[in-house]
Amino acid sequence: MLRKTLIPLLMSFTLLCISAQAQQTGSAYEPEMIWNGRIEEDKPTPNSGIPFLRFAGETIRVEGSNNLHYTKISGKFSEKVIDATLNSKEITVQPDGSFEIPLGFPLDAKTFTLTVVDSRQKVFRSKYKITPLDLKEPEVLKETSQDNVVIKRFRYSAGTGLTLLSFRQRNVTPFTQMAATVKFSGSYKLVPDKYDIGVSTFFNLIPFSSNSPEGYKIQYLGINARIGRQIIKAPSKVRLNVNAGIYYNTSVSTVGFTNMIGPQLYPEGIWMFDNGSSLLAYAKYSPALSNSFSISFSSNREVAMGVHYSFQFLKQHRVSVGFDLSQLSLATDTDWASTNTYSLSAGYSF
């Protein structure tokens with residue numbers, strides 16, 4: 001067995017992560033809450049409002065993320081407008097009078113104020129409120145107590161999948177095999193809408209269908225820890241996260257490499273659909289520490305990528321399905337090993 005002469009870093013993993021990691025540990029974006037609402041004028045009077053304004057659609061989709069809600073306000077002015085602001089911030093009105101405004105607001109404040117100036121220099125100002133169509137729905141993804149509402153910062157996930165492994169090692173006949181893989185993960189929102197941290201683990205629990213002439217079967221155990229930063233976030237449908245951290249992989253079999261460890265820095269791109277489901281893609285190239293604690297970008301590295309689709313289930317939970325592939329390579333002066341993995345998986349998060 002190829003063994004690295006290094007001491008694995010001591011990791012006190014008290015969480016199990018939700019993030020796209022090597023081999024079988026990918027997942028998908030997890031919004032805290034999604035609900036539909038309608039826009040109504042707040043405390044209307046006979047002479048209030050903006051009479052030449054029409055909002056687009058009867059309902060709007062609102063996405064909650066910890067301490068904020070996000071949505072887009074769109075509509076059209078039937079008369080020429082020379083100036084317009086939303087909550088005192090200038091907005092862009094197209095030549096045809098249409099507009100689209102991203103709006104973020106706290107959980108306890110669902111109102112906004114529009115001020116417009118028409119071509120005759122007349123000022124119109126009106127306050128609007130966003131009313132949930134289902135008054136209970138904005139609460140479904142929050143943990144509640146008798147006196148307070150506590151936003152859920154922890155998220156956990158468990159999953160299983162089918163993995164094809166293609167293994168090569170010096171002085172070992174190359175072989176392929178299948179394995180039933182299990183994974184667990186968890187994350188914590190360190191700074192809402194900005195940073196989250198997490199760890200994850202996977203294990204090729206049940207190896208089978210090995211075609212090794214020597215009767216070898218390979219099982220890997222992997223652990224990942226990372227911190228993530230949201231770069232592009234709601235209300236944009238396209239999201240971008242950047243993650244940095246450390247990974248550790250080891251073989252628990254008589255062949256393969258042990259104590260493979262290294263840093264990782266990789267992006268996640270997410271597309272949010274109108275129904276609350278999401279599609280996540282990630283790719284990474286991570287070096288591995290050698291037996292002299294140096295970093296090699298050629299012989300010792302992990303390459304991984306994956307795509308995962310996630311959808312809401314029973315309002316509070318989500319189900320994800322995905323595909324991951326990775327290549328793990330490790331070499332010393334006298335030995336080397338390489339493993340390619342292809343994995344189909346399904347997960348449940350809560």
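- Checking side-chain atoms of Asp324 against main-chain N and O of Ser343 turns up no donor-acceptor pair under 3.5 Å.
- Here the side chain of Gln219 pairs no donor or acceptor atom with the backbone of Pro207 at under 3.5 angstrom.
- No donor-acceptor contact under 3.5 angstrom links the side chains of Tyr248 and Asn224, judged on distance only.
- A donor-acceptor pair under 3.5 Å links the side-chain atoms of Thr201 to the main chain of Gly222, judged by distance alone.
- Around CD of Glu58, the count of heavy atoms belonging to other residues, nucleotides or ligands within 6.0 Å does not exceed 12.
- Counting only distance, with no hydrogens or angles, the side chain of Glu41 and the backbone of Gly49 share a donor-acceptor pair below 3.5 Å.
- The 12-atom threshold is not exceeded at NZ of Lys127, counting heavy atoms of other residues, nucleotides or ligands nearer than 6.0 Å.
- From Ser278, atom OG reaches atom OH of Tyr309 across 8.0 Å, with rounding to the nearest 0.5 Å.
- A donor-acceptor pair under 3.5 Å is absent between the side-chain atoms of Arg120 and the main chain of Val117, judged by distance alone.
- Without hydrogens or angle criteria, Ser338 side chain to Ser329 main chain gives no donor-acceptor distance under 3.5 Å.
- More than 12 heavy atoms of other shown residues, nucleotides or ligands fall within 6.0 angstrom of atom CZ in Arg38.
- A donor-acceptor pair is defined here as one N or O able to donate and one able to accept, closer than 3.5 Å; no such pair exists between the side chain of Ser310 and the backbone of Ser277.
- The line from OG1 of Thr163 to CG of Leu205 is 11.0 Å long, rounded to the nearest 0.5 Å.
- Although no hydrogens or angles enter the test, the distance criterion places a donor-acceptor pair under 3.5 Å between the side chain of Asn87 and the main chain of Thr113.
- Side chain of Gln169 to main chain of Gly256: a donor-acceptor pair is present (N/O by atom type, distance under 3.5 Å, no hydrogens or angles).
- Of all non-hydrogen atoms in Asn36 and Arg61, the two that sit nearest each other are OD1-CA, 3.8 Å.
- Rounding to the nearest 0.5 Å gives a distance of 5.0 Å between CZ of Phe323 and CG of Leu325.
- No cation-pi contact links Arg318 to Phe313, judged by a cut-off of 6.0 Å to the six-membered ring centre and 45° from its axis.
- The side-chain contact (heavy atoms from CB on, under 4.5 Å) check on Ser74 picks up Ala56, Glu100, with sequence neighbours excluded.
- When every heavy atom of Asn259 is checked against every heavy atom of Thr250, the shortest pair comes out as N-OG1, 3.3 Å.
- Glu268 has no carboxylate O lying under 4.0 Å from a charged side-chain N of Arg239, or vice versa, which leaves the two without a salt bridge.
- For Asn211 (side chain) and Thr176 (main-chain N/O), a donor-acceptor pair under 3.5 Å exists by modelled atom type.
- Using a 4.5 Å heavy-atom cutoff, the side chains of Arg226 and Tyr266 are in contact.
- Around CZ of Phe55, the count of heavy atoms belonging to other residues, nucleotides or ligands within 6.0 Å exceeds 12.
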